[in-house]
Amino acid sequence: QFAPFAALTGYDDEVKETARLTNERIELDEESKSILDNKIQMILEQLSSRPTVSFTYFIPDAKKDGGRYETITGIIKRIDDYKKVIVLENKEEIPINEIIDINKGQ
């Protein structure tokens, strides 16, 4: 009968969610977009050699404004123009519109 009483059920979860930090999406200028387009074209030309590439891209947060940036490295399987994603051999899909940097791997 003397069990703790949580008058504000879910309050701790809300405080934790509010405190969780997110990054703002970086908006690329036209020059940066052009450089990325050129890199994607170079990748397309080398697709048969199975290039290993690192992508840094934005992942929007499902619960609040912003998101996080992640870098993933893998071998490109294909580029899906319909879905606008780059598909890696491990089936990971990278949204082309969220990419901010591309680097050729080893």
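Note that the structure is predicted; figures quoted are calculated from it, not measured.
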J.: Verify the distance criterion only: is there a donor paired with an acceptor across the side chains of Ser34 and Asp37 at less than 3.5 Å?
T.: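 Per modelled atom types, Ser34 and Asp37 side chains form no pair under 3.5 Å.
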J.: Give, for atom CD1 of Ile43 and atom CD1 of Ile102, the distance between the pair rounded to the nearest 0.5 Å.
T.: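 With rounding to 0.5 Å, CD1 (Ile43) is 4.5 Å from CD1 (Ile102).
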J.: Do Ser54 and Thr71 pair up side chain to side chain, a donor and an acceptor below 3.5 Å, judged on atom types alone?
T.: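 Note: Ser54 and Thr71 side chains miss the donor-acceptor criterion.
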J.: Below 4.0 angstrom, N of the basic side chain to O of the carboxylate: do Glu70 and Arg68 qualify?
T.: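 Looking at Arg68 together with Glu70, the answer is yes, because their closest N to O distance falls below 4.0 Å.
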J.: What distance do Arg78 atom CZ and Glu93 atom CD have between them, rounded to the nearest 0.5 Å?
T.: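 Reported to 0.5 Å precision, the distance equals 7.0 Å.
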J.: Going by heavy atoms in the side chains, are Lys104 and Met42 under 4.5 Å from each other?
T.: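 With C-beta onward as the side chain, the pair stays apart.
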J.: Quick check: closest heavy atoms across Glu98 and Arg25, and the distance to 0.1 Å?
T.: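 Nearest heavy atoms, Glu98 then Arg25: OE2-NH2, 3.0 Å.
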J.: Working to the nearest 0.5 Å, report the span between CD1 of Ile100 and CD1 of Ile26.
T.: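 Nearest 0.5 Å value for the CD1-CD1 distance: 4.0 Å.
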J.: If hydrophobic clusters are built by linking Ile, Leu, Val, Met, Phe, Trp and Tyr wherever their side-chain heavy atoms come under 4.5 Å apart, do Leu28 and Val85 end up in the same one?
T.: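 Cluster IDs for Leu28 and Val85 differ.
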J.: To the nearest 0.5 Å, tell me how far Lys91 NZ sits from Lys77 NZ.
T.: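 These two atoms lie 5.5 Å from each other.
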J.: Would you compute the distance between atom CD1 of Ile96 and atom NZ of Lys84 and round it to the nearest 0.5 angstrom?
T.: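 So the gap between those two atoms works out to 7.0 Å.
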J.: With a 4.5 Å heavy-atom cut-off, do Ile40 and Ile79 have their side chains touching?
T.: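 In contact.
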J.: Are Lys39 and Ile35 close enough that some pair of their side-chain heavy atoms sits under 4.5 Å apart?
T.: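 Side-chain contact under 4.5 Å: yes.
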J.: With hydrophobic residues grouped by side-chain heavy-atom distances under 4.5 Å, do Leu36 and Ile59 end up in a single group?
T.: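 Hydrophobic grouping puts Leu36 with Ile59.
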J.: Applying the side chain to side chain contact (heavy atoms under 4.5 Å, CB included) criterion to Pro95, which one of Phe58, Tyr57, Phe55 satisfies it?
T.: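 With Pro95 as partner, side chain to side chain contact (heavy atoms under 4.5 Å, CB included) holds for just one option, Tyr57.
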J.: Taking the side chain as every heavy atom from C-beta outward, state whether Ile86 and Ile99 have any pair of such atoms under 4.5 Å apart.
T.: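 The answer is yes; the side chains approach within 4.5 Å.
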J.: Same cluster or not: are Ile94 and Leu44 linked, directly or through other Ile, Leu, Val, Met, Phe, Trp or Tyr residues, by side-chain heavy atoms under 4.5 angstrom apart?
T.: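 Yes, same cluster.
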J.: Working to the nearest 0.5 Å, report the span between CG of Leu88 and CD1 of Ile72.
T.: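 Here the rounded value is 5.5 Å.
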